[in-house]
2 protein chains.
Amino acid sequence: MEPVSAEHVTAFRRFNRYFTRRIGALDDHYLGQDRPLGEARLLFEIAESAAGVSLRELRSRLGLDAGYLSRMAKALEAQGMVRIAVHPDDNRLRMVELTPAGHIELTEQQRRADALVAHLLGGLTDRQRTDLTEAMTATRRLLRLAAITVDLVDGASESARTCLDAYAADLDERFPEGFDKSDLVRPEEVSADAGAFFVAYEEGRPVGCGALRRLEGGVGEIRHVWVHPDARRLGLARRILDALEREGRRRAFDVVRLDTHAALTEAQAMYRACGYREIPAYVDHVYGDHYFEKRLRD
Amino acid sequence: MEPVSAEHVTAFRRFNRYFTRRIGALDDHYLGQDRPLGEARLLFEIAESAAGVSLRELRSRLGLDAGYLSRMAKALEAQGMVRIAVHPDDNRLRMVELTPAGHIELTEQQRRADALVAHLLGGLTDRQRTDLTEAMTATRRLLRLAAITVDLVDGASESARTCLDAYAADLDERFPEGFDKSDLVRPEEVSADAGAFFVAYEEGRPVGCGALRRLEGGVGEIRHVWVHPDARRLGLARRILDALEREGRRRAFDVVRLDTHAALTEAQAMYRACGYREIPAYVDHVYGDHYFEKRLRD
DNA sequence: GGCACTCTTTGACTAAAGTCAAAGAAATAT
DNA sequence: ATATTTCTTTGACTTTAGTCAAAGAGTGCC
C-alpha cells in the first residue's frame, strides 16, 4: 500500500470540516422538528423500513440501549406517529410502523429539506449545478470505495456463503444456459493450504468476494470474483483482485490463472487492464469461455 | 434565476446523507477525547484564535448561553487547558487562551484525526486519492459559491466601507503608480436614484462588492467590482456582475460601461467572457486603461 | 416439562447540554 | 454624576441522552 501524502490528508480534513460545519447542518434530515434528535432519528429510521420494523432491528441499526429505545418508541406512539404491534410469528418481538400522521410529518420534513437545498443551489447557474452534482458523485464513489475493507475469511463462513449464493443467482440470470451451483468452490478448497477466500465489507455488509485456489506447483487459480450490484462501478473488483494477487505472492505462486464466461465482457476488459493476458484453456471449466493468466513475479 | 431541478436536489441530499452519516463522524475533530462535546468544541474554537479570544466573541461564534459558556470556560481552566485573563483595555471582557498543556492536547488530537484519515485513504491507490482530492476541491468550491449571497446595501454601510477600504488597499499594492482613495465612489453616488451598491457575504462576512452608478440617460457605470483574496477563483465576480446587470435592467438602463486598469488582466478576460466589448474611453478615468460596455437589452 | 435464551419493559440512576433570571462590575452615553 | 448598557458570574432549574440491572413474557430445544 502506497503511503498517504500529507497533502491528501489535509485536503480531506479541510473538506470535511467545511462540509460538516457549514453544509451538513443545513440539510439535516432531522431538521426543523420540535422533537429531540434521538426521537427524530428513530422516526426517520422507522420510516426508512416501509413495511414495519422490529424494535430489535432498530436497536441494532441505531446502536441504542434496549430500555432507551423502548421508551422513545412509546413516546412516539403516544404522539400518534407510530403504531406498535406484536409480531405475528414471534410474540416476543414488537413491530413498529408509521401511522398516516407520521407519514405526513415526514413528508413535510422532506419537503422543507428539499426547499432548503433548492434555495442553496439557487445561487448557482445550471451549469454549475451539474458540475457540483458530478463532483459530489465522484467524491461519494471514491469515499465508498475507500471505506470498503477486503478481508480474508473462512470459506465456510456466513459472509462467504452469502456472497457465493448471490454470485450464483447473479450468474444464473446472466448466462443464457443458467448456472449450476455445483461449479462453486467447496469451503475446503479455499481453506488453509489449499486456498483463500476474501470478502469485501461495506459498513459490515458483504458486498463482494473472490477466491484463490492452489493448482499444481506454483500456480494459483482465481475464482468467483463478484461485486454486489449496489457496489458496482466503484472499482471494487480491482481491489479484490489486488488482495487475491497479494495473497498469491504471499504463497509464493509464480502465476495466477482464471477463466471467465463470454457473457461477462466487462470482467474480461478489467482482467486485461489489470495485466492479465489471454491463454489457451488450462483446464476444461463448464462456464469457461476465456482463460487468462498473470505472472506475479518477474 | 433558473429553477433548480429535482435531480440536483436529490443528488445533493444523497451526498449529504452519506457524508454526514458515514464520513463526517469519522474525522470529527472533537474525536477521541474523554471530554464532553461542548467542552471539546469550545477548546477547539479557542485554539483557532491564536492570540486569545474574548468570551463574548466565543459566545457569538458558538451561539452559546453566557452562563453555560462561563462555566465551561472555568472547567477548562481548572483542567489547565486554558488561561483566562481580564482584557487590558476593557475590564468587563475576559480573554481566553490555550496553555501549553492545551496546545499539547490539541496537537495530539490532530495527529489522531490525521491518522484516521490516512487509514481511510489507505484503501485507495495514489491515483484515486488525487481524484478524490480534486473532486472534493470542486465540490467545496461550488458549495462555497452557492452559500454566498449578494445583497443590495447602503453605500455608507459598514460592509460597504470595509469592502472599499480592502479594495483600495488591494489596488494600491497592484498598481505600479499606487491607488488614491479619492477615486472611490461617494456613498451618495450609489444611493437611491443615483446608483446601487452590492456586497457579497460569506457566512456573514463581506467578501466582495460592486457598485452601479447612473451616468447620463440610459447609461449605467459599473465600478469597484472586487473579491476578497479568500474568495477568489470561486466564480464570485461573475455573480456580482450578474447582480449589477440585473439591477441595471431594473433601472431600465440600455447599456452599462466600465473601465479597468492594465494590471488587472484577469478582470479584462472576465468582462469579455461575460459579453462586454472594448470601446473607446467614454470618460477620462485616472486608472482607466481599458473601457468596456455591454448592452442590457436587445 | 424444564432450561437456556431472546426480547422487551420498567425503575433508578447519571452526565451532558442548555435555559432563565438576578446581580455585580465596568464602560458609555447623556 | 447619573442612567443605561455591556459583559460576566452565579444559582436554580429543565430536558435530553444514555446506562444498568432486574424482571416478565415468550421461544426453541432436549
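If you're wondering where the values come from, they're calculated on a predicted model, not measured in any experiment. By convention in this document, chain letters (A, B, ...) are assigned in the order of the sequence lines, proteins followed by strands, and residues within each chain are numbered from 1.
Rounding to whole angstrom units, CZ of residue A/R92 and C1' of D/dA23 are separated by 16 Å. Between the C1' atom of D/dT6 and the CG atom of B/D89 lies a distance of 16 Å, rounded to the nearest Å. One interatomic measurement links the two molecules: CZ of A/R41 to P of D/dT16, which rounds to 14 Å at whole-angstrom precision. Rounded to an integer number of Å, the gap from CZ of A/R94 to C1' of D/dG26 is 9 Å. Note: CE (A/M72) to C1' (D/dT15) measures 14 Å, nearest angstrom. When rounded to the nearest whole Å, the span between NZ of B/K74 and C1' of D/dT8 equals 11 Å. Spacing between atom CG of B/D65 and atom C1' of D/dC7 amounts to 13 Å, rounded to whole angstrom units.
Once you apply a 4.0 Å limit to the heavy atoms of chain A, the touched nucleotides of DNA chain C run 5' to 3' over C/dT6 to C/dA12.
A perpendicular orientation is assigned to the rings of B/F19 and A/F15, their planes being inclined by more than 60° (bins at 30° and 60°).
Using a 4.5 Å heavy-atom cutoff, the side chains of A/V53 and A/E97 are not in contact. B/R22 has its side chain out of reach of A/R144: every pair of non-hydrogen atoms, C-beta onward, lies at least 4.5 Å apart.
Ranked by how close their nearest DNA chain C nucleotide is to the 5' end, A/L93 and A/Y68 are led by A/L93. If you find the closest nucleotide of DNA chain D to A/R35 and to A/R71, the one lying nearer the 5' end belongs to A/R35.
Note that CG of B/L55 and CZ of B/R92 are 13.5 Å apart. Values are rounded to the nearest 0.5 Å. Of the inter-residue distances, the one linking A/E202 atom CD with A/H228 atom NE2 reads 10.0 Å to the nearest 0.5 angstrom. A distance of 10.5 Å separates NE2 of A/H87 from CZ of A/R56, quoted to the nearest 0.5 Å.
Within the 4.0 angstrom heavy-atom criterion, no nucleotide atom of any strand lies near B/L69. At the heavy-atom level, B/D90 lies under 4.0 Å from the strands shown only through sugar-phosphate atoms. Nucleic acid contact for B/N91: sugar-phosphate only, since backbone atoms but no base atoms lie under 4.0 Å from a heavy atom of the residue. At the heavy-atom level, B/G38 lies under 4.0 Å from the strands shown only through sugar-phosphate atoms.
Using modelled atom types, no side-chain atom of B/S70 and backbone atom of B/A66 make a donor-acceptor pair closer than 3.5 Å.
Of the listed nucleotides (D/dT19, D/dG26, D/dT8), D/dT8 has the atom at the smallest distance from the side chain of B/A66.
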